[in-house]
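Note that this is a predicted model, so its numbers are computed, not measured.
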Amino acid sequence: MYVLLQVADLGGTLHFPKSDVVIHPEVGTAVVFSYKHANTTETDDGYVQHSLCPVRQGSQTVVSLHLRSGVASVRAPTLTTATTTTTKP
């Protein structure tokens with residue numbers, strides 16, 4: 001899951017290349033996706049592979065939370081916050 005707290009003036013889109021989906025960031029948007037099929041225990045065929053495109057202008061702050069099925073309690077889910085800033089030369 002990604003939550004967009006601050007969006008860049010240019011760039012910073014979320015891209016799912018195999019499913020040909022591009023999400024343009026908006027403040028307060030949460031993007032939730034699963035790596036498992038809804039009715040089975042099978043993992044997907046790479047359709048949730050994704051990347052955040054580079055920030056071309058401004059700053060973008062994203063919180064990501066990765067929840068994994070079958071993870072032991074000694075390896076609890078992680079929460080990551082990242083800010084990317086690009087300034088004009």
Practice prompt. Give the cluster check for Val22 versus Val48: same hydrophobic cluster or not, with ILVMFWY residues linked at side-chain heavy-atom distances below 4.5 Å.
Written response: no
Item checked: Donor-acceptor pair, side chain of Gln57 and main chain of Asp9, under 3.5 angstrom -> no
Quick one: are Gln6 and Leu4 in side-chain contact, heavy atoms under 4.5 Å? no
By ring-ring contact (aromatic ring centres under 6.0 Å, His included), Tyr2 pairs with (sequence neighbours left out) His50
Would you tabulate the side-chain donor-acceptor contacts of residues 23-30 under 3.5 Å, counting partners in other chains and residues two or more places apart, or write 'none'?
| residue | atom | partner | partner atom | Å |
| --- | --- | --- | --- | --- |
| Thr29 | OG1 | Glu26 | O | 2.8 |

Here the pair of heavy atoms bringing Ala8 nearest to Val55 is CB-CG1, 3.5 Å
field: Tyr47 and Phe33 aromatic centres sub-6.0 Å
entry: no
- prompt: Side-chain heavy atoms under 4.5 angstrom apart, residues restricted to Ile, Leu, Val, Met, Phe, Trp, Tyr: same cluster for Met1 and Leu5?
  reply: yes
Taken to the nearest 0.5 Å, the spacing of Arg56 CZ from Leu10 CG works out to 7.5 Å
